[in-house]
Asks: 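One structure is given below, represented as structure tokens, and several questions about it will come after.
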Amino acid sequence: MNKLKLCFYVLNIFLILSLISCTNDNNNIKEELTLDDVTTTLTEEGIKLKEAERNSRSIFQLELNGVTPNVYAIGDNELSIYIFENETERNKGMDEFKEKLGSADIDVDKYTHEINNVTIFYLYQGEDIDEKMENAINKLSS
């Protein structure tokens, strides 16, 4: 009888650990964003997007990991939005970007925003990012 009780307790503990493990895995899944998610959030923050033509010579508009950016003008500022299949593909795209960038002296981090499967390059004038853009990026990140 003691062996049966022990077996029962071990099975219950195993079952509980398995359920906890599955629950934690689901919490780590990040939602993939669409172009519509990004542009809607930007416009909800009061940012006026104007579609622009892609400049294939701009380092911030190159094809990365097979993805061509959607390019917009926000006043005098430039916005490139890359929608990758998932976060892993986005990371590969950023590795390719850094490789193409080489030793160029550009403060890339200032202009780069990575959210789940999306990379956004926002080239803006001035020292600080616009508050509306910062709010939109924060909303997309949460």
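These numbers come from the heavy atoms of this one structure, side chains and all, not from hydrogens, waters or symmetry mates. Keep in mind that what you see is a predicted model, and the values were worked out from it rather than measured.
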Asks: Would you say the side chain of Ser80 lies within less than 4.5 Å of the side chain of Val71, judging by non-hydrogen atoms?
Replies: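 The answer is yes; the side chains approach within 4.5 Å.
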Asks: Under the side chain to side chain contact (heavy atoms under 4.5 Å, CB included) criterion, do Arg54 and Thr68 qualify, and how do the steps go?
Replies: CA-CA 9 Å; Arg54 186 172 156 252; Thr68 303; 3.5 Å; yes
Asks: If you measure only the distance, is there a donor-acceptor pair under 3.5 Å linking the side chains of Glu87 and Asn116?
Replies: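 There is no such pair (donor and acceptor under 3.5 Å, judged by atom type) between the side chains of Glu87 and Asn116.
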Asks: Do the side chains of Asn117 and Leu33 get nearer than 4.5 Å, heavy atoms only?
Replies: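 In short, these two side chains touch, coming nearer than 4.5 Å.
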Asks: Between Thr119 and His113, does the side chain to side chain contact (heavy atoms under 4.5 Å, CB included) criterion hold? Intermediate values first, please.
Replies: CA-CA 6 Å; Thr119 296; His113 307 281; over 6 Å; no
Asks: Relative to the ring of Phe121, is the ring of Phe60 parallel (under 30°), tilted (30 to 60°) or perpendicular (over 60°)?
Replies: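 Aromatic pair Phe60/Phe121 classed perpendicular.
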Asks: Between Leu62 and Phe97, does the side chain to side chain contact (heavy atoms under 4.5 Å, CB included) criterion hold? Intermediate values first, please.
Replies: CA-CA 8 Å; Leu62 296 175; Phe97 174 75; 5.7 Å; no
Asks: Do you know which two heavy atoms are closest between Lys132 and Gly46, and how far apart they sit?
Replies: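 Looks like NZ-O, 3.7 Å.
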Asks: Mind checking the OG-CD spacing from Ser56 to Glu63? Nearest 0.5 Å is all I need.
Replies: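 One finds 11.0 Å between OG of Ser56 and CD of Glu63.
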Asks: Hey, are the side chains of Met133 and Ile137 touching, using non-hydrogen atoms and a 4.5 Å cut-off?
Replies: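 Yes - at least one pair of side-chain heavy atoms lies under 4.5 Å apart.
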Asks: Side chains of Asp130 and Tyr124 only: does a donor on one sit below 3.5 Å from an acceptor on the other?
Replies: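 The answer is no; no qualifying pair exists.
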Asks: What is the minimum heavy-atom distance between Arg90 and Val118, and which atoms define it?
Replies: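 Heavy atoms of Arg90 and Val118 come nearest at CD-O, 3.3 Å.
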Asks: Taking everything shown except Lys48 itself, do over 12 heavy atoms lie less than 6.0 Å from its NZ?
Replies: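 Count not over threshold, so no.
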Asks: Could you check Lys92 against Glu96 for salt bridge (charged side-chain N to carboxylate O under 4.0 Å, His left out), going step by step and ending with a plain yes or no?
Replies: CA-CA 6 Å; Lys92 288 179 185 176; Glu96 183 179 341; over 6 Å; no
Asks: Drop me the distance from Ile115's CD1 to Asn138's CG, to the nearest 0.5 angstrom.
Replies: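 It is 8.5 Å, given to the nearest 0.5 Å.
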Asks: When rounded to the nearest 0.5 angstrom, what is the spacing between CG in Leu123 and OH in Tyr111?
Replies: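 So the CG of Leu123 and the OH of Tyr111 are separated by 6.5 Å.
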Asks: Any chance the side chains of Thr34 and Asp37 put a donor and an acceptor closer than 3.5 Å?
Replies: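 Yes, side-chain donor-acceptor contact under 3.5 Å.
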Asks: Counting only heavy atoms not in Glu85, do more than 12 sit closer than 6.0 Å to its CD atom?
Replies: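 Atom CD in Glu85 is not crowded, with 12 or fewer foreign heavy atoms closer than 6.0 Å.
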Asks: To the closest 0.5 Å, what do you measure between CG (Asn70) and CD (Glu51)?
Replies: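 Answer for the CG-CD pair, Asn70 versus Glu51, is 7.5 Å.
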Asks: Which heavy-atom pair separates Leu79 from Ile120 by the least distance, and what is that distance?
Replies: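 For Leu79 versus Ile120, the nearest heavy atoms are CD1-CG2, 3.4 Å.
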Asks: Distance from Leu140 atom CG to Leu42 atom CG, nearest 0.5 Å?
Replies: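 That separation rounds to 6.5 Å.
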Asks: Drop me the distance from Phe84's CZ to Met94's CE, to the nearest 0.5 angstrom.
Replies: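 If we round to the nearest 0.5 Å, Phe84:CZ and Met94:CE are 8.5 Å apart.
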